[in-house]
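Since this is a predicted model, take the numbers as computed values, not measurements. We use all heavy atoms of the structure for the numbers below, so side chains are in, but hydrogens, waters and symmetry mates are not. All ligand and atom numbering here is 1-based and tracks the order in the structure.
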Amino acid sequence: MKHHAQPQPNEADKRLIHILQFELAETNRGLIALSMELEQRVEERTAELRITQDELQRTNTDLLLLTMELEDRVDERTKELTQAITNLHQEIIEREKVEAELKTYRDHLEEIIKERTAEVESARKIAEAASQSKSSFLANMSHELRTPMNAILGFSGLMMQDDALSEKQREYLDIISRSGKHLLALINDVLDMSKIEAGQITLDKQAFDLLAMIQDITNMMRVRIVEKGLQFLMDQPVDLPRHIFGDEAKLRQILLNLLSNACKFTPRGGITLRIGILAKRECSKLLIEVEDTGIGISAENQSRIFEAFYQVGMAATERGTGLGLAISRQFVELMGGSIHVESISGQGSTFRLELPLETAEGVVTPYLYIEDSGDAILLEPGQTSKRILIVEDQRENALLLQTLMEKAGFEVRMADNGAMGVEMFQQFKPHLIWMDRRMPVMDGIEATRNIRSMEGGQEVKIVAVTASVFKEQRGELLSAGMDDIINKPFRAGELFDCMEEQLGIHFIRQVTDTPPPLAVISAEALAKLPDELQVKLWDALLDLNTARIDEIVGKINDHVPELGGILHNLAKSYQYTTMIQALEEAFALRGNP
Ligand code: ADP
């Protein structure tokens, strides 16, 4: 092409163009390199992005899976929880149901209990009423039976006195009397037995004088035993406690039963009453044995004789009620003790009692007795009588002392308190004063001190008669000026021994070989009582009216203190049968003076 129209470039321009061209090419190359680099970077980025995108995609999938898994687990848990809630709900419902049932059951139970209680209560009332009517029936029955029995016994006794009786009639009367006595014993035993069965027997525990009781029983039994030609031995330790706690009347009944059985079933040989103490660490026991050399009891019968009405064949004359041992065993068990028998047929038997022992030393029993009342105690001839002053506020005691002193031949004055005693001392000038310790107005200690400070007050013998047995008090009494001390309850023998020692006098003791039966009760003394008292006592005994019996015995005591004392002791141990028998004898005596 021709560029005619255009001016031709000069060299400079050409160079410039060339440079420009070069630079352009350079720039172009640079641009290309740049664009290539850019392209590469874009590619790299794209690749990177792709990787990231892949990774993201992968992560996304993982997340998706995780989410799904989580959702599944949440679902599962939710299901479980829902189930648990449902179960809980169910359980609550069930529990409520059970509780409701329990409540109904409890309400019902309360109702049942109420019903049962009412039933038991009414049964108890019925049983009580039945037992009450049973016991009142028995009490009435025994009264009804006893009354004619007493007539039978009383009149056969009266008829016995008739001299005009033939030998045959006398024999018949004897049979009537013996049968009557047997029947009376049977009535008493049956009454005891039914009381035991009705649960009406309870223990009447009191302090009592064990030695006095044993003495009483042996006095009573010795006559029968000796009459039968048997030997009677007593074996008791010196340290036997004198006062113990227990039911005296029941123990007495048991011992009398054992001793009279021994007497009944022993044709020859003897009977031993053995008393002992078995001291154990925690508790002591009272042991009592009744041993005989009698017919014995076979091994087979040994286990049965304690049953009610069980008797081993025997002669009609020896027949008892068959209740004695059954009653004894019940009493012993009530006392918390035991009773056993050891025996060899044909050789003899030993009945052994073991009872819990509760000593009551220092306890005063208001029980007075005269040990040797059957024996006459008199001053030896040729001795001058002495003046005796009794200072004692208790009437019973004072009267007992007075009777004993007067019977022995002394001149007696009485004062019922210490102040009066001091006054009487000055007027009466006694040789000996029996001084009670405790008295109203002025006690024995003060009275003694006063007397000792008076003229003649040094010579008089003052003996304290006191119920306290504590050593400290002995010291107090002796230092107040007393010469000696006698403990209540005292035995007559102790008084006279003390008088011999203090006054230098001597007594004659006429000891009878066999003491009178039934200790000391004398039908003659009863017969001498005013008619009215005899009849009243008889009626009260037949009525078994204990309060009335005690009242009348009190009245008798006013007339004849000695007899009153004996009757009091008999009544105290419920020996009403003995009293009735003595009265019958008294009536018989009066009918045949
Ligand atoms: P009871 O003596 O009134 O018949 P118990 O209950 O006292 O009634 O005695 C029951 C029986 O035991 C008596 O009948 C007698 O057979 C027997 N027995 C009791 N004591 C003795 C004894 N010491 N020796 C032989 N047998 C006895």
K.L.:
Just let me know how Leu325 lines up against ligand 1, side chain, backbone, both or neither, with a heavy-atom cut-off below 4.0 Å.
P.N.:
both
K.L.:
So do the side chains of Cys263 and Lys228 get within less than 4.5 Å of each other, counting heavy atoms only?
P.N.:
yes
K.L.:
Counting each atom of ligand 1 from 1 as listed, which ones have a heavy atom of Ile305 under 4.0 Å away?
P.N.:
10 (C), 11 (C), 12 (O), 17 (C)
K.L.:
Mind checking whether Asn257 contacts ligand 1 via backbone (N, CA, C, O), side chain (CB onward), both or neither, at a 4.0 Å heavy-atom cut-off?
P.N.:
side chain
K.L.:
Could you see which bit of Phe351 sits under 4.0 Å from ligand 1, with heavy atoms only: side chain, backbone, both or neither?
P.N.:
side chain
K.L.:
Under 4.5 Å between any side-chain heavy atoms of Phe208 and Asp247, yes or no?
P.N.:
no
K.L.:
Does the pair Val290 and Thr350 meet the rule for a side chain to side chain contact (heavy atoms under 4.5 Å, CB included), with working shown?
P.N.:
CA-CA 6 Å; Val290 176; Thr350 304; over 6 Å; no
K.L.:
Checking side chain to side chain contact (heavy atoms under 4.5 Å, CB included) for the pair Leu355/Leu251: CA distance, chi angles, key distance, verdict?
P.N.:
CA-CA 10 Å; Leu355 297 168; Leu251 185 57; 3.6 Å; yes
K.L.:
Which of the numbered atoms in ligand 1 are below 4.0 angstrom from a heavy atom of Lys264?
P.N.:
1 (P), 2 (O), 3 (O)
K.L.:
Can you tell me which residue pairs pass the side-chain hydrogen bond (donor to acceptor under 3.5 Å, both in side chains) test with a partner in residues 295-308, sequence neighbours excluded?
P.N.:
Ser298-Asn301, Asn301-Tyr310, Arg304-Glu307
K.L.:
Between Leu323 and ligand 1, which part of the residue brings a heavy atom under 4.0 Å of the ligand: side chain, backbone, both or neither?
P.N.:
backbone
K.L.:
Should one rank Gly322, Gly296, Ala326 by closest heavy-atom distance to atom 8 (O) of ligand 1, which comes out on top?
P.N.:
Gly322
K.L.:
Counting from 1, what ligand 1 atoms have a heavy atom of Gly324 closer than 4.0 Å?
P.N.:
5 (P), 6 (O), 7 (O), 8 (O)
K.L.:
Glu358: which residues meet the side-chain hydrogen bond (donor to acceptor under 3.5 Å, both in side chains) condition with it, sequence neighbours left out?
P.N.:
Lys205
